[in-house]
Amino acid sequence: MFFEIREYRVRPGMRDEWVKFMEGEVMPFMASKGNVICASFVGEEDQDLYVWIRRFESDEEREKQRQDDPAAARTPAREPPGKPGASDS
């Protein structure tokens, strides 16, 4: 078993929108695909930091979940709010 820790830096002042996007769209979708999401939190001192942690039984399981996700291949790229380079309109 291992844990994947992902850190995101969001645009200044956009953290609340990013958290809403992650908790409302990304995390439910990932959980529906079998991902185990252990934690999701924001930086206490760094206002632009967002972290989430996922658990996998093996690297093979993580790779299989990526390959088994047909949505990843057919879903058009969408820039989430607050991501550097994203359009906020």
Side-chain angles (χ1 to χ4, degrees):
M1 175 181 337
F2 73 95
F3 295 86
E4 177 184 78
I5 301 171
R6 305 194 110 196
E7 290 186 356
Y8 296 89
R9 301 274 172 198
V10 299
R11 288 182 179 172
M14 298 292 293
R15 187 176 71 182
D16 290 343
E17 288 182 53
W18 178 263
V19 170
K20 183 179 176 181
F21 171 72
M22 290 296 291
E23 291 179 352
E25 294 184 40
V26 175
M27 292 171 66
F29 174 78
M30 298 301 280
S32 76
K33 299 299 179 188
N35 282 232
V36 177
I37 300 163
C38 302
S40 169
F41 53 93
V42 295
E44 190 171 305
E45 295 178 13
D46 185 342
Q47 296 300 310
D48 303 326
L49 176 65
Y50 174 82
V51 179
W52 70 319
I53 302 172
R54 298 187 296 168
R55 186 187 76 217
F56 298 92
E57 292 301 319
S58 66
D59 192 39
E60 293 78 22
E61 177 194 357
R62 181 176 68 164
E63 190 58 36
K64 182 177 181 333
Q65 286 186 12
R66 286 182 184 175
Q67 291 175 359
D68 289 347
D69 181 5
R74 69 173 187 262
T75 303
R78 175 182 179 274
E79 292 294 331
K83 182 178 178 189
S87 171
D88 295 325
S89 55

**Request:** Taking all heavy atoms of Glu23 and all of Ser40, pick out the closest pair and write down the distance.
**Result:** OE2-OG, 4.0 Å
**Asked** Taking a hydrophobic cluster as the set of Ile, Leu, Val, Met, Phe, Trp and Tyr residues connected by side-chain heavy atoms closer than 4.5 Å, whether directly or through intermediates, do Val19 and Val51 fall within one such cluster?
**Response** no
**Fill in**
Between Phe3 and Cys38, the two heavy atoms sitting closest are CE2-SG, 3.7 Å
**Message:** Please report the interatomic distance CD1(Ile37) to CD(Glu4), rounded to the nearest 0.5 Å.
**Reply:** 10.5 Å
**Complete:** Here the gap from Arg55 atom CZ to Phe2 atom CZ, rounded to the nearest 0.5 Å, amounts to 11.5 Å
**Asked** Are Met1 and Ile5 grouped together when hydrophobic residues (ILVMFWY) are joined by side-chain heavy atoms under 4.5 angstrom apart?
**Response** yes
**Message:** Rounded to the nearest 0.5 Å, what separates atom CZ in Arg11 from atom CD in Glu17?
**Reply:** 10.5 Å
**Asked** Do you know which two heavy atoms are closest between Phe56 and Glu61, and how far apart they sit?
**Response** C-OE1, 3.4 Å
**Heavy-atom pair of closest approach, residues Glu44 and Gln47** = O-NE2, 3.5 Å
**Asked** Side-chain contact, heavy-atom cut-off 4.5 Å: Phe41 with Ile53?
**Response** yes
**Request:** Assign the ring pair Trp18 / Tyr50 to parallel, tilted or perpendicular, where the plane angle (0 to 90°) is split at 30° and 60°.
**Result:** perpendicular
**Message:** For Gly43 versus Arg15, what's the shortest heavy-atom pair and its separation?
**Reply:** O-NH1, 3.1 Å
**Prompt:** Are more than 12 heavy atoms from other residues, nucleotides or ligands located less than 6.0 Å from atom CG of Asp46?
**Reply:** yes
**Prompt:** Going hydrophobic residue to hydrophobic residue with side-chain gaps under 4.5 angstrom, can you get from Val26 over to Val10?
**Reply:** yes
